[in-house]
Amino acid sequence: MSSTPTTGIRCMLMRGGTSKGAYFLAGDLPTDPHERDQLLMRVMGTPDPRQIDGVGGANPLASKVAVVSRSTDPESDIDYLFLQVGVEAATVSDRQNCGNLLAGVGPFAVERGLVPAGDVQTRVRIRMVNSDSLATATFSTPGGVVDYSGETAISGVPGTAAPVVLDFADTEGAACGSLLPTGNVRDEIDGIAVTCIDNGMPVVVAAAVDLSVSGYETPAELAADPGLRERVQSLRLAAGKLMGLGDVTDAPVPKTTLVAPPREGGAISTRTFIPLHPHDSIGVLGAVTVATAVLLEGAVGHDLAQLPAPGASLSVEHPTGRLDIGIDLDTATTPPRVRRSSLVRTARKLFDGTVFPRTY
Ligand code: NQM
């Protein structure tokens with residue numbers, strides 16, 4: 001498709017994990033990326049802090065888009081391009097993945113007939129176009145129809161739903177090219193020890209106490225601290241350069257995660273900024289990346305953590321609960337290599353129909 005339709009565009013709204021977004025077939029959107037992005041901002045109601053004239057949810061976690069198509073890569077069934085649409089800022093970025101929206105991609109692909117459904121469950125191999133890495137989603141399709149209902153609860157979402165099991169391979173260096181893009185397990189920025197790491201999401205990990213907070217504040221308390229926002233921005237701007245991401249002033253990555261000893265029976269407590277907005281929980285690949293950092297000897301967070309027994313999943317505490325990550329590390333190399341990681345999310349179809357972008 002090459003021009004902006006005035007008759008509306010086919011769109012499905014889904015909750016994926018702790019995020020919410022608009023899912024489109026690539027063929028229903030303009031092929032030119034600039035034209036596509038302009039259209040998506042008009043769909044979501046960007047730029048506007050309330051996104052009142054669009055379907056965006058006035059929060060970065062609900063201003064997201066998944067663009068899905070059949071894959072031409074023989075190793076995957078589906079291509080998934082994630083786009084983070086700004087809320088107040090007129091931006092659309094493909095510089096990060098979203099493991100939360102990913103949870104809805106397999107079900108969406110079945111709903112749109114891109115992949116055949118199994119009689120009991122369906123396994124979809126998904127190429128995450130943003131980083132050219134692979135994820136596999138397994139979910140319930142009794143009788144060949146996606147079943148969203150179930151007994152699985154995830155922190156940050158009320159109620160229960162059907163599980164979507166996500167397995168990741170080759171997420172190391174997804175955006176930066178290597179797991180430890182500065183070449184070090186630990187660096188110092190503004191006199192603060194940090195670990196700059198990318199196992200699917202570029203993240204700067206720092207100890208909360210080094211930024212003069214406890215690391216147990218609520219997101220609202222963190223948001224109300226303007227000095228903290230400046231300190232986080234200063235850290236990530238410097239880290240962006242060290243990580244080879246260039247000037248990240250307007251980029252959604254790197255994220256910053258402040259870590260503290262666990263208090264809820266998990267391995268580590270976290271407070272994450274996306275990139276300056278305090279996250280209500282923690283992103284999926286953000287959590288995979290922080291969990292990886294915590295396992296690395298010498299990394300910030302390693303000494304603060306209560307590490308699980310080898311082979312057991314690592315529970316990342318966040319403001320609204322915990323996210324359990326399975327990580328298979330090959331410790332024979334330095335630094336260790338991540339063989340695979342996995343976790344469970346849920347997703348739900350919220351609305352299927354036609355979205356009408358604003359015309360101005
Ligand atoms: O890290 C938030 C989210 C995300 C992204 C963000 C995500 C991930 O909570 O894979 O899921 O980091 O901007 O949806």
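Whatever order the structure lists ligands and atoms in, that order sets their numbers, starting from 1. Because only heavy atoms are used, hydrogens play no part in the values below, and waters and symmetry mates are left out as well, while side chains stay in. Index from 1, following the sequence.
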Does NZ or CZ of Arg263 come closer than 6.0 Å to the centre of the six-membered ring of Tyr216, within 45° of the ring's axis? yes
Main chain of Gly298, side chain of Arg186: is a donor-acceptor contact present, judged purely on distance under 3.5 Å? yes
Tell me: protein heavy atom nearest atom 9 (O) of ligand 1, and distance? His279 NE2, 2.6 Å
Distance from atom 4 (C) of ligand 1 to nearest protein heavy atom, with residue and atom: Lys64 NZ, 3.2 Å
Assess whether a salt bridge exists between Glu75 and Arg125, defined as any Lys/Arg side-chain N lying under 4.0 Å from an Asp/Glu carboxylate O. no
Give a yes or no on whether Leu134 and Tyr80 share a hydrophobic cluster (residues Ile, Leu, Val, Met, Phe, Trp, Tyr; joining criterion: side-chain heavy atoms under 4.5 Å apart). no
List the steps and the verdict of salt bridge (Lys or Arg N to Asp or Glu O under 4.0 Å) for Asp250 and Arg95. CA-CA 11 Å; Asp250 295 320; Arg95 290 185 68 183; over 6 Å; no
Suppose we measure from atom 1 (O) of ligand 1 to each protein heavy atom; which comes out shortest, and what is that distance? Gly286 N, 2.9 Å
Asp132/Arg127 ion pair, N-O < 4.0 Å: yes
Write out the residue and atom name of the closest protein heavy atom to atom 12 (O) of ligand 1, then the distance separating them to 0.1 Å. Lys255 CE, 3.0 Å
Ligand 1 versus Thr272: contacting region, heavy-atom distance under 4.0 Å: neither
With backbone taken as N, CA, C and O and side chain as the heavy atoms from C-beta onward, which portion of Val284 lies under 4.0 Å from ligand 1: side chain, backbone, both, or neither? both
Checking the N or O distance criterion of under 3.5 Å, is ligand 1 in contact with Asn97? no
Is there a heavy atom in Cys98 that sits closer than 4.0 Å to ligand 1? yes
